[in-house]
Amino acid sequence: MTTGVPMLRADRVCKNFGALRVLKGISLEVERGQVLCLVGPSGSGKSTFLRCINHLEQVNAGRLYVDGELVGYRERGDKLHEMRPKDAARQRRQIGMVFQSFNLFPHRTALENIIEAPMQVNKSSKSAAVERARILLDRVGLRDKANVYPAQLSGGQQQRVAIARALAMEPKLMLFDEPTSALDPELVGEVLAVMRELAEDGMTMVVVTHEMGFAREVADQLVFMDEGVVVESGEPRALLAAPQHDRTKAFLSKLL
């Protein structure tokens, strides 16, 4: 742990897909233990930014730091050199990610889904991985579902298993990419409740979401993105109550 530095720092991050400029110089910071919620219309670059944080996408310009360490690159003089895949993977272990679609292995039980990465990647013993998995299933309210396959779980239960799976790697930072958008409305609350508990426990989180109630209650910082730029950011209650920018007002008027 590097004291005195933010858990996440983005410095003028740019990302292009061919001629399409998706991120146009994103700069922000998230202190350790804070929750940042990213909101904005579809296509504004929110999910791409998350994928850049754990180097699932390579940035075209700018720098990203997690816990003071440059993500995905080595710096030599003024030049950035792409890390070897093995080193990038080592960094990625410290960053948990939960996607819209649950991405669970369908042929493995909830417990087996959770123990896979600790055993394969961290070389945990099976007994240690199972013990931790049971603790995590309990934490997400699924103690009795350890031996159940994903197809037998509701969407909300599958997403909670996905959160437990990400936590099994003991990440420093958790990224959530619209974790409730694929869920039926009555299942959203159970996933948000787990995320709220994580926040209360001090987990640093970056959450792409349309759940404004969650952002208002749980986030320390709310960032509104549009067309690849940060339009406005601030304390969630203040920003939601009195947005300063016309684009923010127009977006929020459709949601609130």
Side-chain angles (χ1 to χ4, degrees), residues 2 4-32 34-83 87-88 91-92 94-97 99-100 172-178 204-210 212 215 219-236 238-240 242-252 254-255:
T2 312
V5 301
M7 182 58 80
L8 172 67
R9 180 161 75 88
D11 180 19
R12 296 166 294 179
V13 171
C14 297
K15 174 64 185 175
N16 311 326
F17 292 104
L20 181 65
R21 295 176 64 215
V22 178
L23 300 177
K24 305 170 187 172
I26 301 290
S27 294
L28 53 81
E29 291 188 355
V30 185
E31 300 299 331
R32 61 189 69 248
Q34 280 197 338
V35 177
L36 178 141
C37 281
L38 281 172
V39 301
S42 293
S44 58
K46 308 179 302 295
S47 294
T48 298
F49 178 62
L50 276 200
R51 292 172 68 83
C52 289
I53 294 172
N54 67 358
H55 205 58
L56 289 175
E57 298 288 354
Q58 299 171 353
V59 301
N60 293 100
R63 287 164 169 73
L64 278 159
Y65 300 87
V66 170
D67 201 14
E69 187 178 3
L70 183 63
V71 172
Y73 298 90
R74 301 255 183 254
E75 209 161 2
R76 296 195 196 107
D78 290 340
K79 288 232 166 64
L80 291 183
H81 299 269
E82 177 88 15
M83 266 184 188
D87 293 330
Q91 280 190 330
R92 201 175 289 123
Q94 303 176 18
I95 306 168
M97 187 151 183
F99 300 88
Q100 284 182 36
K172 297 177 174 185
L173 172 66
M174 283 284 283
L175 310 177
F176 292 87
D177 189 7
E178 299 202 31
T204 313
M205 295 157 56
V206 180
V207 184
V208 172
T209 187
H210 290 297
M212 293 301 153
D220 299 284
Q221 193 181 161
L222 184 64
V223 170
F224 172 64
M225 279 177 67
D226 193 16
E227 296 182 358
V229 299
V230 172
V231 176
E232 192 169 343
S233 65
E235 194 279 322
L239 196 153
L240 291 170
Q244 301 301 301
H245 200 289
D246 287 343
R247 279 153 85 190
T248 319
K249 289 175 188 170
F251 174 75
L252 292 176
K254 297 182 182 122
L255 286 179

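Note: hydrogens, waters and symmetry copies are ignored here, and every other heavy atom, side chains too, is used. Just so it is clear, the model here is predicted, and its values are computed rather than measured.
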Starting at [atom1] of [X], measure out to [atom2] of [Y] and round the result to the nearest 0.5 Å.
| X | Y | atom1 | atom2 | answer |
| --- | --- | --- | --- | --- |
| Q58 | M83 | CD | CE | 12.5 Å |
| L56 | S47 | CG | OG | 11.5 Å |
| R92 | N54 | CZ | CG | 6.0 Å |
| I95 | M7 | CD1 | CE | 10.0 Å |
| S27 | L64 | OG | CG | 9.5 Å |
| L222 | E235 | CG | CD | 9.0 Å |

Does the side chain of [X] reach to within under 4.5 Å of the side chain of [Y], using non-hydrogen atoms?
| X | Y | value |
| --- | --- | --- |
| M97 | L50 | yes |
| L175 | M205 | no |
| V66 | Q91 | no |

Where the side chain of D220 meets the backbone of V35, is there a donor-acceptor pair that is under 3.5 Å apart?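 Checking the backbone N and O of V35 against the side chain of D220, a donor-acceptor pair under 3.5 Å is found.
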Might you point out which heavy atoms bring [X] and [Y] nearest each other, and give the distance in Å?
| X | Y | answer |
| --- | --- | --- |
| P236 | A219 | CG-O, 3.3 Å |
| N60 | N16 | OD1-N, 2.6 Å |
| T48 | V22 | OG1-CG1, 3.7 Å |
| T209 | C37 | CG2-SG, 4.0 Å |
| L23 | V13 | CB-O, 3.8 Å |
| D67 | R32 | OD1-NH2, 2.8 Å |

Sequence-distant partners of [X], salt bridge (Lys or Arg N to Asp or Glu O under 4.0 Å), two or more places apart:
| X | answer |
| --- | --- |
| R12 | none |
| E57 | K15, R51 |
| R63 | E75 |
| D226 | R247 |

Distance-only criterion, 3.5 Å: show the donor-acceptor pairs between side-chain atoms of residues 39-46 and protein atoms not counting sequence neighbours.
residue : atom : partner : partner atom : Å
S44     : OG   : P41     : O            : 2.7
S44     : OG   : K46     : NZ           : 3.4
K46     : NZ   : G40     : O            : 2.9
K46     : NZ   : P41     : O            : 3.1

Looking at residues at least two apart in the chain, or sitting in another chain, which of them share a side chain to side chain donor-acceptor pair (under 3.5 Å) with E227?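 So E227 forms no side chain to side chain donor-acceptor pair (under 3.5 Å) with any residue.
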Using the test side chain to side chain donor-acceptor pair (under 3.5 Å), find all partners of E178 that sit at least two apart in sequence or belong to another chain.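 If we apply the side chain to side chain donor-acceptor pair (under 3.5 Å) test to E178, skipping adjacent residues, there are no hits.
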Which residue pairs satisfy the ring pair (Phe, Tyr, Trp, His ring centres under 6.0 Å) criterion with at least one member in residues 42-66, sequence neighbours excluded?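 Pairs touching residues 42-66 that pass the test: H55-Y73.
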Please report the C-alpha distance between L38 and V207 in whole Å, then the side-chain angles of each, then the deciding distance to 0.1 Å, and finally whether the side chain to side chain contact (heavy atoms under 4.5 Å, CB included) criterion is met. CA-CA 6 Å; L38 281 172; V207 184; over 6 Å; no
I'd like to check the ring pair (Phe, Tyr, Trp, His ring centres under 6.0 Å) partners of F176; sequence neighbours left out, ordered by chain and number.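 Partners of F176 under the ring pair (Phe, Tyr, Trp, His ring centres under 6.0 Å) test: none.
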With sequence neighbours excluded, tell me which residues meet side chain to side chain contact (heavy atoms under 4.5 Å, CB included) with E232.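 With sequence neighbours excluded, E232 shows a side chain to side chain contact (heavy atoms under 4.5 Å, CB included) to L239, P243, Q244, H245, T248, given in chain and number order.
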Using the test side chain to side chain contact (heavy atoms under 4.5 Å, CB included), find all partners of V30 that sit at least two apart in sequence or belong to another chain.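 V30 satisfies side chain to side chain contact (heavy atoms under 4.5 Å, CB included) with L8, L28, Q34, L36, T204, V206 only.
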